[in-house]
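To start, the structure under review is shown below, and the notes come after it.
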Amino acid sequence: MKSQARVVVIGGGVVGCSVLYHLTKAGWKDVVLVERDRLTSGSTWHAAGGFHTLNGDPNVAKLQGYTIGLYNELEKISGESCGLHRSGGLILAETPERLEWLKMAHARARYLGLETEMLTMAEAKKMHPMLEEQYFVGAMLDAADGNLDPNGTTNAYAKSAKIAGAEIYQSTRVTDLQARKDGSWDVITDQGNIHAEHVVNCGGLWAREVGRMVGLELPVLAMEHMYLVTEDMQEVISYNKERGHELPHIIDFKSEIYMRQERQGMVLGTYEQACVPWQPRETPWSFGQELLQPDLDRIAPNLELGYKHFPALENAGIKRVINGPFTFSPDGNPLVGPVQGLRNFWCACAVMAGFSQGGGVGLALSQWMVNGDPGFDVWAMDVARFGEWATRSYTNEKVRENYARRFSVRFPNEELPAARPQQTTALYDTMIAQGAVMGDSWGLETPLWFAPKGVEPKDIVSFHRSNDFKHVKAEVLGTRNGVGVTEIANFAKYRFEGSGAEAFLSRLMTNKMPRTGRIILTPMLNPGGKLIGDFTIAKAADERFYMWGSSQAQKYHMRWFEQHLPADGSVRIHRYDMGLVGLSIAGPKSRDVLQAMTDEDVSNAAFKFMDHRSMDIGNVPALINRVTYTGDLGYEIWVAPEYQRRLYQAIMKAGKPHGIVNFGMRALLSMRLEKNFPTWYRELRPIYGVFEAGLDRFIDLGKNDFIGREAATEEKRSGGKLRRVSMIVEAGDCDVLGDEPIWHKGKVVGWVTSGGYAHYVDKSMAQGYVPKELAGETGQGAFEIEIIGENRKATILIDPPFDPEGKRMRS
Ligand SMILES: Cc1cc2nc3c(=O)[nH]c(=O)nc-3n(C[C@H](O)[C@H](O)[C@H](O)COP(=O)(O)OP(=O)(O)OC[C@H]3O[C@@H](n4cnc5c(N)ncnc54)[C@H](O)[C@@H]3O)c2cc1C
C-alpha cells in the first residue's frame, strides 16, 4: 500500500468509484480509494439499479442527465458491462394536481434539453398494458429512464479509474483521520497509514461515522427500503415477444410504487408511509453484505393499491424480497463539497440515487477539487446548505418526512411540518397571536403573511393563486401607502474587523468599499467571473464592517471567506447567526415612525439613502441601514436578540398613528418584484455573470484587483451570453413559480428564475434569463411563458413598474 497520495477516497460504493474515476479524468493520477470490505459492499450491491433524470431542482436534473449519458463511455473505457436497459419510463398522474406537476416537469425538461413527452392514458396503456388506466388522468414519458447492473457499473467506474492510474485497496478500513498543520491528512487504516493532501468521505452507510472522525455530525440517516422481485410473468413474456423490447419503467405516485422489468418478471419497490430509519445513532462496522428482515406488513397498503392499479401483479409469485438500507439527507439531495471549517476534507455522501446522481456528483466534486470550483450550480447538493440546527434528531424527523413524501406533490406555497418550529425569535408568539402564517427559512420560523381576524392562518396549498392572495395584497398596499414592519432575522449577518478587513473585502467583492457611515451593495465572484454572493456592506469604522447576505448561504459563504483569509491574522470574521436579529420598516411614513423613536435627526438631509448608523431606537442600541428590499423609503434596524421584543413594541407604538401594518416574506418578495430587484439563488447563482445578471452598477473594474476581475472584464467586453430580464405576464389564475421555459417565436429561448404577483402595480411578473440578443425585444407579448402547460404572453420591461427613478427610496 502507498504511504503517500494526493487524494484518499474513503468508500468503494458507486459514489466513491465515480469520484475516483472523475479525479483521474480531471487529471489527478496519484489518487487512491480505500474500501473497508469489497467494492459495492455498502448500499450499492443491493440497489434496484433504476435511473432517471427527474428531480425537483433543475441543476440536479441536469447532473442526473450527465450520469445517465456517461454509462456508454464507461463501458467503452473499462470493457465492463453496466448491464444497461434503456427502457424509458412512465410517470403516472392520479390527480389533476399531479398532472399539473408533471406538465411543469415536462416544461422544465424543454430548457434542460431532456427528452420528455406528455401522454394520454390511452397512449400510456398502449406502452404498458398492465396498468388500469381508469385510476389515472395522464402520464409523462421520460425517454432517459432505465436500469442497470449496480455491480457492473461500480466496477466499470473502478476499472476506468485504475486504467487512468488510480489505486484501490479493498479490505482496508479507515479507522481515524488526523489533520496536520499544513492542511493535509494522516489517513489511519487497519492496513497501515497514508499521508494525503485531500480526503473524500464517500462512506455511504458509514458517512456519519467517517464524519465523526473529524468532529463532524453530518445530517445523514439511512432508511430501510424494500423491493420485491416477481417470478416470470406471462404478461411480460408476451409483451417482450410482441414488441421486441422491454416494458418501460413506471412510477405510480398514488401507490408510492416504482416498477420495472427484471428478466421476465418485475421489480416493484415502495416508498411507504410507515418508513423506518436504520441504525439511527451509529452504523456498526461489522455490518457486511447483509440484507435486513423484510416486513411486508409495512408496505401492505402500497401493495394493495399497486395490485389494483396493476392487477397482473397480484397473481405473480414473489421470488425475492430485498430490504436494504441507504442514506438520505434532510431534503433528500446529496451532501457534496468541501466542509466549512476543515481544510482539504470533502464530502460526497447521502447520495440516495447513486445510479442517477453518482456520475454528476463525481464530476462536480472532482472539478471542485482540481479547479477550485464545481463548474456547475451545485447549490441543491452542497454540504454547506445545512446549518448547526440540522442536528441528529432534526435529521431523523426530516429524513422520515422526506422518505414518506418521496412520491408526494410539494406545492410552491407548502411548508413541510416535520421538526418545526426549530428556531424561533423572541417575536414568534407575538407574530402568531397576530395571525402570522409561518415558513421555514434556514431552520428559522419566519412570517410569510398575516391572516386578519376571523381568517384561518393557514395556506391552502396550490399551484394557483391561493387564499393568501388578498391578504398579501393588503400588506403591500398598507406598506406602500403608509408604513409596514417585517421581521428580517432570517438574513445572514457578519462582522469583519481588523487592519486587513477593508483590503480583504475589496479583494473578494466587485464593488468599491464604502466610506465610513455608508453602505454599498456588492456581488462576489468566483475566479470564472460567476456570481457566488450578493451582499450589503456597511462601513462602521476604519477597521469594522458589517455585512448582510442570504441566510441559506451562510456556511457556503463562510467557507469561501475562510479559504481566502490572510494568514497574518489581520482580519477577524464573526458570523452572527441568530446573535443579531432585525426588523425592517418601510413605506412613505417609515421616517416619521423612526423619528418618533429617537431624538436624533433622521431627516433626509441628516440620514440619507444608503447611510449606516449606530443609534438608540426606542431605548434599544441598534445598527440602522437606510435601505430596504421593498425599494421604498425604509430602514433595517438590527439589534441583539434580547432587545427585539422591545424594539417591536416601540415600532408598533410609534407606527400606530400611521396605521402601521405587519407584512411577511411574501409581501416583501412581491415588492422587490415590482422594483426588478433580483434575489439570491433565483436570479443570482453561480451560473450567471455579473453583467448577465444586470448588476453592472455594482462592479468597479477599475478599483484594486479582485477575484473574478479578469473574467468579468472579458464578460463586459463580450457581453456574455444571457441577460436577466423582468417581464409582465398575461397570467391567468396562476403566476410563474420559477423554472418555466420562456418561448420566443415558437422556440424555447430561456427560463424563468422567479416571479409572482406584484400587488402594488397590480401585475403578474416574472424574472428570468434570455439570450442577450433578445433582451431588447420589448414588443408587447413578444415572448411567452409556459405556465402549467399553457403559453402565456409576456413582455420585457426595461424599467421597474414601481418608482422607476427610485425617488421614493431616496427622498
Ligand atoms: C433496496 C435499495 C434499492 C435501491 N434502488 C436504487 C435504484 O434503483 N437506483 C438508484 O440510483 N439507487 C438505488 N438505491 C440507492 C443506492 O444504493 C445508493 O444511492 C448508493 O448505493 C449509494 O452509494 P454510496 O457509494 O454513496 O454508498 P455505499 O454503497 O454505502 O458505499 C459506501 C462504501 O464505503 C465503505 N466505507 C465506509 N466507511 C469506510 C471506512 N471507514 N473505510 C473504508 N471504507 C469505508 C463501505 O464499506 C461501502 O462500501 C437503492 C438502495 C437500496 C437499499
Side-chain angles (χ1 to χ4, degrees), residues 8-20 32-52 64 67-68 89 145-151 153-154 157-158 168-177 187-191 194 199-213 220 222-229 249 251 258-260 262 267-271 278 283-292 294 320-328 332 334-336 347-359 361-362:
V8 170
V9 175
I10 304 171
V14 63
V15 174
C17 291
S18 168
V19 167
L20 192 73
V32 161
L33 184 147
V34 180
E35 165 54 45
R36 182 186 68 96
D37 189 356
R38 52 197 151 119
L39 297 184
T40 77
S41 69
S43 52
T44 297
W45 70 277
H46 50 52
F51 56 77
H52 52 87
Q64 293 187 183
T67 304
I68 295 168
D145 280 9
N147 64 85
L148 47 63
D149 165 22
N151 257 298
T153 302
T154 307
Y157 275 121
I168 295 179
Y169 306 123
Q170 302 193 54
S171 303
T172 304
R173 177 157 83 87
V174 175
T175 55
D176 198 11
L177 293 165
V187 180
I188 317 296
T189 85
D190 54 7
Q191 305 294 323
I194 309 174
V199 165
V200 189
N201 177 2
C202 298
L205 295 176
W206 293 266
R208 248 178 343 185
E209 286 66 26
V210 173
R212 286 174 191 158
M213 292 177 192
V220 56
M223 298 293 288
E224 293 193 13
H225 183 67
M226 274 180 274
Y227 65 83
L228 320 178
V229 185
H249 186 276
I251 293 178
Y258 64 85
M259 197 169 71
R260 68 166 172 84
E262 166 86 1
V267 157
L268 183 160
T270 62
Y271 281 89
W278 181 73
T283 307
W285 291 108
S286 56
F287 186 72
Q289 281 211 346
E290 296 165 49
L291 290 174
L292 311 174
R320 259 192 341 264
V321 182
I322 307 285
N323 185 13
F326 68 124
T327 55
F328 293 77
L335 299 172
V336 179
C347 276
C349 319
V351 183
M352 63 78 53
F355 299 97
S356 300
Q357 300 177 330
V361 165

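Each ligand, and each atom within it, is numbered from 1 in the order the structure gives.
- In this structure, atom 37 (C) of ligand 1 lies nearest to the protein heavy atom G203 O, 3.4 Å.
- Shown in contact with G12 at under 4.0 Å from a heavy atom are these atoms of ligand 1, numbered in order with element: 33 (C), 34 (O).
- Each of the atoms 10 (C), 11 (O), 12 (N), 18 (C), 19 (O) of ligand 1 lies under 4.0 Å from some heavy atom of G354.
- Distances between N or O atoms of V210 and those of ligand 1 include no value under 3.5 Å.
- For C17, no heavy-atom contact with ligand 1 is shorter than 4.0 Å.
- Here the shortest heavy-atom pairing between T270 and L268 reads CG2-CD2, 4.3 Å.
- When only interatomic distances are considered, the shortest N/O to N/O separation between A348 and ligand 1 does not fall below 3.5 Å.
- Using 4.0 Å as the threshold, N323 has no heavy atom nearer than that to any atom of ligand 1.
- Between the side chain of N323 and the main chain of H225, a donor-acceptor pair closer than 3.5 Å is present.
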Could you please spell out the steps behind the side chain to side chain donor-acceptor pair (under 3.5 Å) verdict for Q357 and Q64? CA-CA 5 Å; Q357 300 177 330; Q64 293 187 183; 3.0 Å; yes
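- Under 4.0 angstrom from ligand 1, there are no non-hydrogen atoms of W278.
- Shortest contact from atom 42 (N) of ligand 1 to any protein heavy atom: V174 N, 3.0 Å.
- Taking atom 11 (O) of ligand 1 as the reference point, the nearest protein heavy-atom neighbour is F355 N, 2.8 Å.
- Of the polar atoms of R38, none of the N or O atoms is found under 3.5 Å from an N or O of ligand 1, judged by distance alone.
- Of the candidates G288, S171, S43, it is S43 that places a heavy atom closest to atom 20 (C) of ligand 1.
- The single protein non-hydrogen atom nearest to atom 27 (O) of ligand 1 is G204 CA, 3.3 Å, given as residue, atom name and distance.
- Nearest to atom 53 (C) of ligand 1 among the protein's heavy atoms is H46 CE1, 3.1 Å.
- Near T172, meaning under 4.0 Å from any of its heavy atoms, are these atoms of ligand 1: 43 (C).
- Summarising the contacts of atom 52 (C) of ligand 1 with Y227, F326, Y169, Y258, the nearest heavy atom is found in F326.
- A cation-pi geometry, defined here as NZ or CZ lying under 6.0 Å from the six-membered ring centre and within 45° of its normal, holds between R173 and W285.
- Nearest approach of V321 to P294, heavy atoms of both residues: CG1-CB, 3.5 Å.
- S18 places no side-chain N or O within donor-acceptor distance of the main-chain N or O of V14, the cut-off being under 3.5 Å.
- Considering D176, T172, L177 as possible partners of V174, the one that fulfils the side chain to side chain contact (heavy atoms under 4.5 Å, CB included) test is L177.
- The shortest N or O to N or O distance between V351 and ligand 1 is under 3.5 Å.
- With ligand atoms numbered from 1 in the order given, ligand 1 contributes 11 (O) to contacts under 4.0 Å with heavy atoms of S356.
- The two atoms that bring F355 and P150 nearest to each other are CZ-CB, 3.5 Å, heavy atoms only.
- Nearest to atom 48 (C) of ligand 1 by heavy atom, out of R36, M226, E35, is E35.
- A distance of 6.0 Å or more separates the ring centres of H46 and F326.
- On a distance-only criterion, I10 and ligand 1 share no N/O pair closer than 3.5 Å.
- The residue from G13, G42, G50 that puts a heavy atom closest to atom 9 (N) of ligand 1 is G50.
- Among protein heavy atoms, atom 2 (C) of ligand 1 sits closest to H225 CD2, 3.6 Å.
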Stepwise side chain to side chain donor-acceptor pair (under 3.5 Å) test for R208 and T283: CA-CA 8 Å; R208 248 178 343 185; T283 307; 3.1 Å; yes
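- Short contacts between ligand 1 and V34, defined as distances under 4.0 Å to a heavy atom of the residue, involve ligand atoms 43 (C), 44 (N).
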Does the side-chain contact (heavy atoms from CB on, under 4.5 Å) test come out yes or no for T67 and S356, once each step is laid out? CA-CA 6 Å; T67 304; S356 300; 5.7 Å; no
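- Nearest to atom 34 (O) of ligand 1 among the protein's heavy atoms is G11 CA, 3.0 Å.
- In this structure, W45 falls outside the shell of residues with a heavy atom less than 4.0 angstrom from ligand 1.
- In this structure the side chain of V200 never reaches within 4.5 angstrom of the side chain of V8, judged on heavy atoms.
- D37 approaches S41 most closely through the heavy-atom pair CB-OG, 3.2 Å.
- The contact set between ligand 1 and P325, taken as ligand atoms under 4.0 Å from a residue heavy atom, comprises 53 (C).
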Go through it in stages, so that I can follow the logic: the residues are W206 and R36, the test is side-chain contact (heavy atoms from CB on, under 4.5 Å), and I'd like the CA-CA distance, side-chain angles, deciding distance and then a yes or no. CA-CA 10 Å; W206 293 266; R36 182 186 68 96; 3.0 Å; yes
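- Checked by distance only, ligand 1 and M213 stay at 3.5 Å or farther apart across all their nitrogen or oxygen atoms.
- C17 contributes atom SG, which lies 5.5 Å from atom CG of L33 (distance to the nearest 0.5 angstrom).
- The shortest contact between atom 5 (N) of ligand 1 and any protein heavy atom is with A48 N, 2.9 Å.
- The two atoms that bring A207 and N201 nearest to each other are O-ND2, 3.1 Å, heavy atoms only.
- A 4.5 Å side-chain heavy-atom check between L205 and P325 finds at least one atom pair inside the cut-off.
- Looking at A350, A47, S41, it is A47 that brings a heavy atom closest to atom 13 (C) of ligand 1.
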Using the side-chain contact (heavy atoms from CB on, under 4.5 Å) rule, take Q289 and T40 through it: C-alpha gap first, then chi angles, then the decisive distance, then the call. CA-CA 9 Å; Q289 281 211 346; T40 77; 3.6 Å; yes
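- E290 places a side-chain N or O within 3.5 Å of a backbone atom of G288 that can act as its donor or acceptor partner.
- Ligand 1 is never approached by F51 to a heavy-atom distance shorter than 4.0 Å.
- Atoms of ligand 1 lying under 4.0 Å from at least one heavy atom of W206, given by number and element, are 37 (C), 38 (N), 46 (C), 47 (O).
- Listed by atom number, the atoms of ligand 1 under 4.0 Å from G324 heavy atoms are 53 (C).
- Between V15, T44, I188, it is T44 that holds the heavy atom closest to atom 21 (O) of ligand 1.
- Checked by distance only, ligand 1 and L205 come closer than 3.5 Å through their nitrogen or oxygen atoms.
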